[in-house]
A.B. asks: 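Dumping the structure here so I can ask a few things about it.
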Amino acid sequence: MDLQQLVTQIAKDMIARRDRGIVADYIPELASIDPGHFGITIALPDGRIYSAGDSDTRFSIQSVSKLFTLAIALGKLGDRLWQRVGREPSGQPFNSILQLEHEQGIPRNPFINPGALVVTDAILQGHEPREVLGEVLRFIQSAAGDGDIRIDENVARSEAMHGDRNLALAHFMAAHGNFFNPPEKTCGTYFHHCAIEMTCEQLARAGRFLVGGEGAPRLISPASVRRINALMLTCGHYDGSGDFAYRVGLPGKSGVGGGILVIAPGRAAISVWSPGLNAHGNSHLGTLAVEQLARATGWSIFG
C-alpha cells in the first residue's frame with residue numbers, strides 16, 4: 001500500500017468537510033485557533049514518515065502529554081503507582097469530580113484530569129517543577145529524535161488563569177491524602193506539560209516508543225509499553241473511548257488541542273491534528289481520519 005497516497009487522500013477528504021467540530025473555548029489561547037487546520041503523519045518504527053496537510057504546524061498537545069508523564073512515572077514507581085490511581089474507564093467527563101467523591105479521592109485512570117494530576121504529583125515528589133518539566137521535555141525530545149520541542153508559555157499561562165477546576169480536583173484529592181505536593185505546585189507543573197507544542201511529524205515520531213519494531217526507540221520496558229497501550233485503548237478518549245475502540249480498533253490518546261496519537265503495535269505511530277472537537281472533547285476530524293486510515297490499512301489489534 002502507498003502510505004503517502006493514503007494520507008494525502010485522507011487530508012483531502014478531511015479538508016473538504018464542513019462539519020469540523022468546536023474548538024476548546026475554556027482555554028482562551030486555544031479558542032482562537034482556526035478550526036480549518038488538518039494535519040496527519042504516519043511514522044514507521046525505523047523513522048520513515050508519510051505526511052499531509054498541516055503536518056508541520058505546531059499545536060498544543062494538551063492531554064497527549066499524559067502518555068509521556070505516565071511512562072516516566074511507571075519507570076520510577078512501577079506498580080506502586082496503581083495504589084494512587086486506577087486503571088478503569090471513567091464513563092464521566094475528563095474533569096469530573098463526581099467519581100472522586102464516590103471513590104475517596106482515587107481517580108479512575110491516569111488519563112482523566114485527576115488521574116493525570118496524581119501522576120504529575122508522583123513524579124514531582126522531591127523535585128522542583130523546572131526539573132520535572134525538563135525531564136518530560138528530554139523524554140519527548142529523545143523519543144522524537146528532535147530537540148526542537150518546547151512549552152508554549154502563553155498556553156500554560158492561559159491554563160493557569162482558568163485552572164480553578166483542576167485546582168479543585170487537586171485539593172479534593174489532597175483532602176483524601178492522595179496528594180503529596182502543594183496542589184498549586186503540582187497543577188502549575190501539569191499546566192506546563194499540557195502546554196507542550198509539537199507538529200504532527202514530531203508527535204508521530206515521538207510515539208514510536210510505544211510501537212515496537214526494528215528501529216523504534218527503546219525508552220521504557222516492554223511491560224510498560226503493553227500497559228500504556230492497553231490504557232490508551234480503554235481510557236485514551238475519555239467517555240468516548242469505547243466508541244473510538246469500536247470504530248478504529250487501535251490504542252489512541254487525544255488532547256483538547258485537537259491532536260490524537262494512535263499506535264498500531266509493531267507497525268506505526270499515527271498522529272492527526274484538527275482543532276475542532278466532538279461532544280466528548282476529542283478531535284472530530286481527527287477521529288474520522290484515523291477511522292478511514294484503519295479501514296484502508298486493515299490495521300487493528302482485533303484482526
Side-chain angles (χ1 to χ4, degrees), residues 43 45 47 61-88 106-147 149-151 173 178-181 185-196 198 202-236 251-253 255 261-263 265-266 269 271:
I61 68 170
Q62 291 295 307
S63 287
V64 182
S65 69
K66 297 171 184 177
L67 289 174
F68 304 105
T69 54
L70 177 59
I72 292 170
L74 286 174
K76 290 185 173 184
L77 302 173
D79 286 342
R80 286 182 294 140
L81 179 66
W82 307 124
Q83 297 171 13
R84 298 185 59 190
V85 60
R87 301 189 296 270
E88 296 293 337
I106 304 295
R108 274 289 178 93
N109 67 69
F111 293 150
I112 55 175
N113 285 18
L117 285 167
V118 164
V119 170
T120 302
D121 190 67
I123 62 176
L124 185 57
Q125 193 170 3
H127 301 281
E128 291 302 314
R130 66 179 180 275
E131 297 171 329
V132 169
L133 292 170
E135 182 178 12
V136 174
L137 277 173
R138 287 191 297 273
F139 185 99
I140 295 174
Q141 290 166 351
S142 178
D146 187 339
I149 296 169
R150 55 186 179 266
I151 293 170
M173 290 185 288
N178 196 22
F179 232 68
F180 300 150
N181 298 283
K185 183 177 180 180
T186 295
C187 285
T189 307
Y190 172 79
F191 296 146
H192 276 77
H193 73 65
C194 285
I196 291 170
M198 300 173 72
Q202 289 173 325
L203 184 56
R205 287 186 190 274
R208 293 177 303 136
F209 84 101
L210 294 171
V211 174
E214 188 173 351
R218 308 283 196 223
L219 301 181
I220 60 175
S221 71
S224 290
V225 168
R226 289 194 300 272
R227 289 167 177 166
I228 292 173
N229 278 324
L231 286 164
M232 288 171 70
L233 184 73
T234 58
C235 309
K253 182 72 196 82
L261 177 62
V262 178
I263 304 300
S271 67

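Bear in mind the structure is a predicted one, so any value in this text is a computation, not a measurement. Just the heavy atoms: all of them, side chains too, but no hydrogens, waters or symmetry mates, feed the values below.
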A.B. asks: Which atom pair, heavy atoms only, marks the closest approach of Ala204 to Leu261?
C.D. replies: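 The answer is CA-CD1, 4.3 Å.
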A.B. asks: Can you tell me how far OG1 of Thr69 sits from CG of Asp121, rounded to the nearest 0.5 angstrom?
C.D. replies: 12.0 Å
A.B. asks: Measure from the side-chain N and O atoms of Gln141 to the backbone N and O of Ile149, and report whether any donor-acceptor pair falls under 3.5 Å.
C.D. replies: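 At least one qualifying donor-acceptor pair exists.
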A.B. asks: Just verifying a value: how many Å separate Leu81 CG and Leu74 CG, rounded to the nearest 0.5 Å?
C.D. replies: 5.5 Å
A.B. asks: Evaluate the side-chain proximity of Ile140 to Met198: yes if any heavy-atom separation is below 4.5 Å, no if none is.
C.D. replies: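 Sidechains of Ile140 and Met198: in contact.
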A.B. asks: If I compare all heavy atoms of Phe209 with all of Ala71, which pair ends up nearest, and what's the gap?
C.D. replies: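 Nearest pair, atom of Phe209 first, then Ala71: CE1-CB, 4.0 Å.
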A.B. asks: Looking at Thr234, Leu67, Leu231, Asn229, which one forms a side-chain contact (heavy atoms from CB on, under 4.5 Å) with Pro251?
C.D. replies: Asn229
A.B. asks: What is the minimum heavy-atom distance between Pro45 and Gly266, and which atoms define it?
C.D. replies: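 So the two residues come closest at CG-O, 4.3 Å.
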A.B. asks: Hey, mind stepping through Lys76 and Gln125 against side-chain contact (heavy atoms from CB on, under 4.5 Å) and telling me if it holds?
C.D. replies: CA-CA 11 Å; Lys76 290 185 173 184; Gln125 193 170 3; over 6 Å; no
A.B. asks: Is the backbone N or O of Asn178 less than 3.5 Å from a side-chain atom of Arg84, with the two atoms forming a donor-acceptor pair by type?
C.D. replies: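 Yes, Arg84 side chain to Asn178 backbone: donor-acceptor pair under 3.5 Å.
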A.B. asks: Go through the steps to decide whether Ile220 and Leu210 satisfy the test side-chain contact (heavy atoms from CB on, under 4.5 Å), and finish with yes or no.
C.D. replies: CA-CA 9 Å; Ile220 60 175; Leu210 294 171; 4.3 Å; yes
A.B. asks: Got Val136 and His192 here, is their nearest side-chain heavy-atom distance under 4.5 Å?
C.D. replies: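 They are not in side-chain contact.
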A.B. asks: How far apart are the closest heavy atoms of Arg227 and Asp79, and which atoms are they?
C.D. replies: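 Minimum heavy-atom separation between Arg227 and Asp79: NH1-OD1, 3.3 Å.
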A.B. asks: Please check if the side chain of His193 supplies one atom and the backbone of Thr189 the other of a donor-acceptor pair under 3.5 Å.
C.D. replies: no
A.B. asks: Is it the case that the side chain of Ser142 and the backbone of Phe139 share a donor-acceptor pair, with hydrogens and angles ignored and the cut-off at 3.5 Å?
C.D. replies: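 Absent.
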A.B. asks: Considering non-hydrogen atoms only, spot the tightest contact between Gly207 and Ala269 and give its length.
C.D. replies: C-CB, 3.8 Å
A.B. asks: Strictly distance-based, threshold 3.5 Å: is any side-chain N or O of Arg208 a donor or acceptor partner for the main-chain N or O of Ala144?
C.D. replies: no
A.B. asks: Any donor and acceptor pair, going by atom type alone, linking the side chain of Asn109 with main-chain N or O of Ile112 inside 3.5 Å?
C.D. replies: yes
A.B. asks: Answer whether the closest heavy-atom distance between the side chains of Pro110 and Val118 falls below 4.5 Å.
C.D. replies: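 The answer is no; the side chains never approach within 4.5 Å.
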A.B. asks: Measure the spacing between CD1 of Ile123 and CG of Asn181 and express it to the nearest 0.5 Å.
C.D. replies: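 Rounded to the nearest 0.5 Å, the CD1-CG separation comes to 10.5 Å.
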A.B. asks: What's the shortest heavy-atom distance between Leu137 and Arg150, and which atoms?
C.D. replies: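 Smallest interatomic distance, heavy atoms only, reads CD2-CA, 4.1 Å.
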A.B. asks: A side-chain contact here means heavy atoms from C-beta on lying under 4.5 Å apart; do Leu77 and Gln83 qualify?
C.D. replies: no
A.B. asks: To the closest 0.5 Å, what do you measure between CZ (Phe68) and CD1 (Ile228)?
C.D. replies: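 So the CZ of Phe68 and the CD1 of Ile228 are separated by 9.5 Å.
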A.B. asks: Would Tyr190 and Asn113 satisfy side-chain contact (heavy atoms from CB on, under 4.5 Å), going step by step from the backbone distance to the final call?
C.D. replies: CA-CA 9 Å; Tyr190 172 79; Asn113 285 18; 3.3 Å; yes
A.B. asks: For the atom pair OG1 (Thr186) and CZ (Phe191), what is the distance rounded to the nearest 0.5 Å?
C.D. replies: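 So the OG1 of Thr186 and the CZ of Phe191 are separated by 10.5 Å.
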A.B. asks: Has the side chain of Gln62 got a donor or acceptor atom that lies under 3.5 Å from a matching backbone atom of Cys194?
C.D. replies: yes
A.B. asks: What distance do Lys185 atom NZ and Thr120 atom OG1 have between them, rounded to the nearest 0.5 Å?
C.D. replies: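 One finds 13.0 Å between NZ of Lys185 and OG1 of Thr120.
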